[in-house]
Each structure stands twice: as structure tokens, then as C-alpha cells.
Amino acid sequence: MAKPPGLYAPILRETLSDLYKNPPLGEKLTVKGWVRTRRTTRAVSFLELQDGSTLRALQVVLSHNLIPRERIESELHTGASIGVWGELTPTPERPQPFELVAEGYELYGSADPEAYPLQKKTHSLEFLREIAHLRPRTRTFQAIFRIRSGISFAIHQYFQERGFVYVHTPILTPSDCEGGGQLFQVTTLPLQQIPTHPDGRVAYEYDFFGRPAYLTVSGQLEGELLATGLGRIYTFGPTFRAEPSHTPRHLAEFWMIEPEMAFYDLSMTMDLAEDFLKYLIRYTLRNFSEELAFLAERYEPLLLAELEHAKESAFLRLSYTEAIEILQKSGKEFQFPTHWGSDLQAEHERYLVEEYAQRPVILYDYPKAIKAFYMRQNPDEKTVAAFDVLFPRIGEVIGGSQREERYEYLLSRIQELGMDLFTYENYLDTRRFGTVPHSGFGLGLERILLFLTGMTNVRDVVPFFRAPGQMA
Ligand code: 4AD
Ligand code: MG
């Protein structure tokens, strides 16, 4: 097979994205990528070549005089990977600014058109979920994963610019931070023959850590230990929840960003959450216009308007008690009726955000009984200093709170809930020695990505999703 002559080797361009930024018109060069489509006429074949660096493709023209038509027709199907060389030629009369007039190509891998599941047409997101390993070949997922990458960088940038310390909290943990009991247990005990005590209890002294261990549901508890020394920290890592729910908003493995700040009260923390979310929206609008335009055109025509609107509006702050009154006065027939003390369902959150406020909403001061043990009790003794940020289309994107920093209150809450004191000894220690008011929150990366990309299912914003009964 013909190799690119030495002449061309030094001018291998990095990516199509580079080519479009600074096209070396009239020069000879080699590009490498995957065939998106091919069209063959009598004299020439046209390829659309993509390489993942941009949503734009490069048109390649192969003359049958130079390259036998039979070879092209047998090798260059959708999905095939090639390196192709020739001259980059301006095409002022065509929609695309230039094309590559090929002199030869090298085939890396063919893709049997009978077997390759991706074809030129637009495939449904449901279909693509079944072939998650091939989703990165589509422009939709290239756009989404590029935004996911950019936003991850922006998250670090936001906190680093503000002096927060990035800390790595453990993934293996003995505690259930959220108290929801949605833990994946990790063990090296033989499942066929689990050692037990005479009374039937599992003999954890034979397990790897000598005690039960789980995948973390949140880095918060360890984050608090670090914040009560370092001042302001954030975590950004994977979290795991064995939630049996099959909703489009829940994953069993998702990524969470958790800042924790010493000397912050609830209201300072809500300000930070709002500022942080607006920063991420601005960052996406500024850096991903090509991706946003594509996603808007294909999936969510209102995407750009929604992002602009959320970035410009002051989030509406309502106490839980006010929210319940609003819901009860709404005259709406909800599937789950509300009363003071009931947890809010997606339908209630959507009403508050989309109909009542018509902008993001921050709800705060929730009933103590429906929130986690670590939240600071308010003087009314019924509510805790918790908050949730609710977004249109998505519902909850952030959950946070001021933490209970008073030793006696925290201890009695832990005892009241029948939690294992031994597990929370270190946590309690931070309240015994130089305790401080402190607060933090958790942002679900996939939830904010739904908002930023216009997608409606969290399975579509993570490369390989884990959900009950499903490992992509
Ligand atoms: O509200 P959550 O449970 O709060 C915490 O875990 C606290 N420890 C955070 C903190 O104060 N440091 O979860 C925080 C966020 C939610 O608002 C949601 O965006 C996301 O994590 N989340 C999930 N995302 C995808 N799949 C799931 N199963 C999720 N559960 C929570
Ligand atoms: Mg929550």
C-alpha cells in the first residue's frame, strides 16, 4: 500500500480543529480520522471525514483516476478509519471553505457496513444507549463529552481562583453520610460462605477492614474534617448510590463537586452556590458555542435562551414553609398532595421553578425530619439550615446546608437516629476541639450537564452509565 511520501510527513496537522482555525490552503498535508459518509459519482468519491476534535467534518475528494473506485467502494464505509494526504484547496463556491484533494490514503480499520450500527441517519438517544461504546463516534456525544470536559476544568478554575484547596476524600468509607441507606457494600468475605457469629451476625472481623465498608455516597464528612483545618476546600470525584430508582435523573455512579467552607453560614453558602452555577453557565456559553448550537438545533431549541435567562436572573429564594403555602394555593392537582413536613416531589419542584418563579429557585430551611443528620438545627427546633437549588427541566441540581457545629446537638441527633457512634467519633471530634460554624453543598455534575446540554436523561451525559440493572 502506498505510504505518504516523506514530503508530506512533516506537515501532518494535529487535528481538524487546528485546520479550521488556521487552514494551510494550498499546502500538502495528511489528516487522520473516521469516515462519516461517502458519496461516489462516476469520476470522484467524496468523503466527510471527522476526527473528534471539532463537530465540523473535512470534505475529502478522491479522484478515481488516482485511486481505483473499486478500492474506495470496498474500503471506505461509514466508520472506517484512515489517514489521507493531498492538497488543501479553497472552495469559495461551496458551503465549506475548503476541501482536501486526495492523492492517496491508508486504511487503518474497515467497518463492515452490514455490522456497523451507526449509519448516516440520526439515531435515537435510546438506541445509542445500547451501544454506549460507540457513542463517541457521534457528534451529539462529542459535543456532550467536550462540554463535560470543559466544565470539569471550569469547576477547578472557579475554586482554585478563590483559594479553595482541592482535596481527595476516600471512596471506601465506613459511614453513610446521607443516612439514606443507599450504600454499595464492599467486602472480601466469601459470598458463598459468609462467616457469622453464633447469633447470626456477620463476623466482620474477618472482612478486609475488620469492619463493614462501603462505596462513598458523598465526600462531605471527610470534606468537613479537612475544611475545619484548611478553611475552604472542595472535592470533585465519583460517588455511588444504590438507589433502585429508574428515573432519568439518577445514576448509581455519578460525579459530585462538594465545597466546604469554615466560617460560612447558610446565606453566604447560597450566594456561593448561585455565583458558581452562573459561572459554569457563562463558561459554557463562552467556550462551547459550536456544541451548543448543534445540541440546540437537534434536541432543545430553547437551550440558549434558557442558559442566558438563568445566567441573568436572580435565583428566587423561598423557605420550605413558603413553598408549601405556594403549592397549596396553586390550585394544581398534584399526584402527591403536600402538607408541611412532606418531602417535595419532582412535580412540586417543577411547578415552583417553571410556573411560579420562571427562573432557578433556592429552597431553604427544610423540616428536620426529611433531611440528613448533620444539618444545623434552626431556633424553631423544627427546621434545619438546609438548601436545595432547583433548575428548570432538571429539578434539584444542588443540595447543601450549614452543618451542626454544636457538639451536644450533633451528638443527640446521632443518638436519636440510632447511628453507630464509633463510626462518627472523628466527625464529633471536630466539634469538641475548636469547632466553627461551617457550611457546604454538593453539585451533581450530571444534573448540571443536563441543563447545559439540553439533554433529558443523565445516562446521556456520562460516557458509561451505571443504573439499576444496567452497566453500559
Ligand atoms: O442532595 P445530596 O444527596 O447532598 C449530599 O450528598 C451532600 N452531602 C452534599 C453536601 O452538602 N456536601 O446530593 C447532592 C447532589 C444533588 O443535588 C444532585 O445534584 C446530585 O448530587 N445527585 C445525584 N446525581 C445523579 N444521580 C444520583 N443518584 C444523585 N443523587 C444526588
Ligand atoms: Mg438532595
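Just so you know, ligand 1 is whichever comes first in the structure, and atom 1 is the first atom listed for that ligand.
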Practice task
Identify whether NZ of Lys or CZ of Arg in R431 sits under 6.0 Å from the centre of the six-membered ring of Y427 and within 45° of that ring's axis.
Solution key: yes
Practice task
Check I257, L277, T269 against I398 for a side chain to side chain contact (heavy atoms under 4.5 Å, CB included) and give me the one that passes.
Solution key: L277
Handout entry: Close approach of F240 to ligand 1, heavy atoms, under 4.0 angstrom
Key = no
Problem - Location of contacts on I398 toward ligand 1, heavy atoms closer than 4.0 Å - result: backbone
Completion exercise
Near Y374 (heavy-atom distance under 4.0 Å), the atoms of ligand 1 are 7 (C), 8 (N)
Practice task
Answer yes or no for D388: is there an N/O/S atom below the 2.8 Å cut-off from the Mg ion (ligand 2)?
Solution key: no
Handout entry: ligand 1 versus Y234: contacting region, heavy-atom distance under 4.0 Å
Key = neither
Problem - Per-atom contacts, ligand 1 versus G399 - under 4.0 Å to a heavy atom - result: 1 (O), 9 (C), 10 (C), 11 (O), 17 (O)
Completion exercise
among protein heavy atoms, the one nearest atom 20 (C) of ligand 1 is G444 CA, 3.6 Å
Practice task
Report the residue from Q470, E446, H250, E126 that forms a side chain to side chain donor-acceptor pair (under 3.5 Å) with R459.
Solution key: Q470
Exercise for the section: Tell me which protein heavy atom sits closest to atom 17 (O) of ligand 1, plus the residue, atom name and distance to 0.1 Å. Expected result: E396 OE2, 2.6 Å
Handout entry: Atoms of ligand 1 close to G400 [distance to a heavy atom under 4.0 angstrom, numbered from 1]
Key = 11 (O)
Handout entry: Check: Q377/E381 side-chain N/O donor and acceptor closer than 3.5 Å
Key = no
Practice task
Assert yes or no for the condition that the ring centre distance of F276 to F159 is strictly below 6.0 Å.
Solution key: yes
Practice task
Tell me which part of F254 gets within contact of ligand 1: side chain, backbone, both or neither, using heavy atoms under 4.0 Å.
Solution key: side chain
Exercise for the section: Please write down residue, atom name and distance for the protein heavy atom closest to atom 19 (O) of ligand 1. Expected result: V397 O, 2.8 Å
Practice task
Answer yes if the side chains of Y283 and Q157 hold a donor-acceptor pair under 3.5 Å, and no otherwise.
Solution key: no
Exercise for the section: Could you pull out, from M375, E178, R466, E243, the option with a heavy atom nearest to atom 4 (O) of ligand 1? Expected result: E178
Exercise for the section: Run the numbers for me: atoms of ligand 1, each under 4.0 Å from some heavy atom of R249, listed by number. Expected result: 25 (C), 26 (N)
Exercise for the section: Is it possible for you to check whether R393 lies under 6.0 Å from the centre of the six-membered ring of Y299, through NZ or CZ, and within 45° of that ring's axis? Expected result: no
Handout entry: Residue and atom name of the nearest protein heavy atom (relative to atom 26 (N) of ligand 1), distance in Å to one decimal
Key = L251 N, 2.9 Å
Problem - Member of V353, L363, V361, V397 meeting the side chain to side chain contact (heavy atoms under 4.5 Å, CB included) criterion with V389 - result: V397
Problem - Residue pair D207 / T187, side-chain donor-acceptor N/O under 3.5 Å - result: yes
Practice task
Could you verify whether a donor N or O on one side chain and an acceptor N or O on the other, from Q160 and Y234, lie under 3.5 Å apart?
Solution key: yes
Handout entry: Nearest-contact summary for atom 15 (C) of ligand 1 - protein heavy atom, Å
Key = G442 O, 3.6 Å
Handout entry: Of the N, O or S atoms in E396, the one nearest the Mg ion (ligand 2)
Key = OE2
Handout entry: ligand 1 contact on H250 by region, counting heavy-atom pairs under 4.0 Å
Key = both
Practice task
Compare E224, Q220, R241 and give the one whose heavy atom is closest to atom 2 (P) of ligand 1.
Solution key: R241
Problem - Distance-only side-chain donor-acceptor flag, N378 / T383, under 3.5 Å - result: yes
Problem - Nearest neighbour of atom 11 (O) of ligand 1 from the list E446, Q402, R403, E260, on a heavy-atom basis - result: R403
Handout entry: E290-T54 side chain donor-acceptor pair, cut-off 3.5 Å
Key = yes
Fill in the blank from the handout: In terms of its nearest heavy atom to atom 9 (C) of ligand 1, the top option of E258, M256, R447 is E258
